[in-house]
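Worksheet for the structure shown next.
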Amino acid sequence: MTARSDLPADFTWGTATAAYQVEGAAALDGRGPSIWDTFTRREGAVVGGDTGDVAVDHYHRFGEDVDLMRELGTNAYRFSLSWSRLLPEGTGTLNRAGVDFYRRLAERLLEHGVTPWVTLYHWDLPQALQDRGGWLERDTAGHLADFAAAAHGALGDLVTDWITLNEPWCAAFLGHGSGVHAPGLRVGTRAARAAHHLLLGHGLAVDAIRAGSTPASVGVTLNLYSVRAASGSGADRDAARRVDGLQNRFFLEPVLTGRYPEDVVRDLGEQEWFTANSADLARIHRPIDFLGVNYYSRHTVAAPDPAADAAGGGTFGPAFPGSEGVRSVDTGAPRTHMGWPVVPEGLVDVLEQAHALAPALPLHVTENGSAYPDTVEEDGAVHDGERLRYLQQHVEACALARERGIPLAGYFVWSLMDNFEWAWGFSRRFGLVRVDYDTQQRTVKDSGRWLRAFLREGASTGDQRRPAPGARSPGAVV
Ligand code: FCB
């Protein structure tokens, strides 16, 4: 059982969102199109043909949303900048209206005691840069650094905490491997070059931010999975090595140690290209102030098995070049609406893995959360007991990580509110706050109400009580 006081008094308790998922106002005030505007127009790319054109209208409703954060008792808000809102063509001069929006948001947060945490790149590359080759081109890394310098110049007096990239694994391998994310390409192992350019962009952006005139704390957010072999057999252990390699080590090691894991580059068959570009490692391996870790689940994996494949067993496909055909094994753990197994202890695994590579580096869980098919009860409440328990169990895992000596300094829930869940459109809900997509009405769910009680020291992770029926949600109707 964990109480807030079991974690340090200066621990960061936040919520997170991303620009394309929440802002809407896609064609307003000079914003240029991003690859997600293009991708969502592609037939069959997104469930229900949904788009982020309106999303949850955070662009206009951010004031109410900041009130909700205050109501929840959180002290930080992680949001991303829409690159094409600030630089409609991806490069050049800042769009004043875009700067004004983010300044107003940051000011509002600060007025309410909520620290703004800015992610520069949460997957929405300006379409103009995609037209020039996107992340498969080295120049895009330099453009990210220029964007970082411009954004920091415009917001650095209000924002201290900067995250260069969100989950480069997804941008590289879902965007260019399986093609289920924008820009929807399938270039096989060359997707690893997109990963390299993203990482290079990270390193250059770190330097660009540090060169600014206001002090900054800079890091990068990686999505780490706990990876386990389904058995002790050599073949299953090799499957785990491959999946851990591409998912975790391929990003952790260059950022934290300045090297790519050789086995992964070999699995990819990309040795020649990576050797030719190895001088970049010094540019990627820049000193950072913290590492952001997004954690959702564990992969339990077994070696490819043609017989199981015939029965529909193989699950690691083109997003995992070098481990195609590796099987995902059902261990019986409960699953979320995304189908992701709920394994809270895996959070400790990934924090330990990162900590082992950089023992002095503070870590922040920059995303953790779960989707469930919520229902609205007659009293208007959302009794999302499963999400509430998911949250409690992962907060307990944070406390356990601290007990083990890991310098974990913060935890952000994904997400503040329901939003556009990429290829799943609006069909998957992750929010602590429900959004009615017809009216944009916000209602705090039971999970949000529990977090509020926990942060006010009125509840612990052992507290399974439902809020009294009919009780008004704090800040429910705004
Ligand atoms: C992460 C993304 C975030 C959200 C959650 C559910 O991979 O960073 O935008 O979609 O998953």
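Any value given below was found using the heavy atoms of this structure, including those in side chains, with hydrogens, waters and symmetry copies removed. Keep in mind that what you see is a predicted model, and the values were worked out from it rather than measured. Remember, it's 1-based here, ligands and their atoms both numbered in the order they're listed.
Close approach of ligand 1 to Trp422 (heavy-atom distance below 4.0 Å) involves ligand atoms 3 (C), 4 (C), 9 (O), 10 (O). Each of the atoms 2 (C), 3 (C), 8 (O), 9 (O) of ligand 1 lies under 4.0 Å from some heavy atom of His122. Those atoms of ligand 1 that come under 4.0 Å of a heavy atom in Phe430, given as number and element, are 6 (C). Atoms of ligand 1 found under 4.0 Å from any heavy atom of Glu421 (numbered from 1 in listed order, with element): 4 (C), 6 (C), 10 (O).
Between Trp414 and ligand 1, not a single N/O pair is under 3.5 Å apart. Between Asn166 and ligand 1, at least one N/O pair is under 3.5 Å apart. Taking only nitrogen or oxygen atoms, main chain and side chain alike, Trp123 does not reach within less than 3.5 Å of ligand 1.
In this structure, Arg42 and Gly184 approach most closely via the heavy-atom pair NH1-O, 3.3 Å. Between Gly410 and Phe11, the closest heavy-atom pair is N-CE1, 3.4 Å.
For atom 7 (O) of ligand 1, the closest non-hydrogen atom on the protein side is Glu167 OE1, 2.5 Å.
Looking at Trp169 and Leu222, their side chains never come closer than 4.5 Å, going by heavy atoms from C-beta outward.
No donor-acceptor distance shorter than 3.5 angstrom exists from the side chain of Asp207 to the backbone of Leu204, with no hydrogens or angles considered. Gln440 contributes a side-chain N or O that, together with a main-chain N or O of Ala55, makes up a donor-acceptor pair within less than 3.5 Å.
Of the heavy atoms in Glu367, only side-chain atoms (C-beta onward) come closer than 4.0 Å to ligand 1.
Counting non-hydrogen atoms of other residues, nucleotides and ligands closer than 6.0 Å to CD of Glu89 gives a total of 12 or fewer.
Nearest-residue assignment for atom 5 (C) of ligand 1 (options Trp424, Tyr20, Tyr296; heavy-atom criterion): Tyr296.
Ring geometry, Trp422 versus Tyr20: the interplanar angle falls under 30°, so the pair is classed parallel (tilted spans 30 to 60°).
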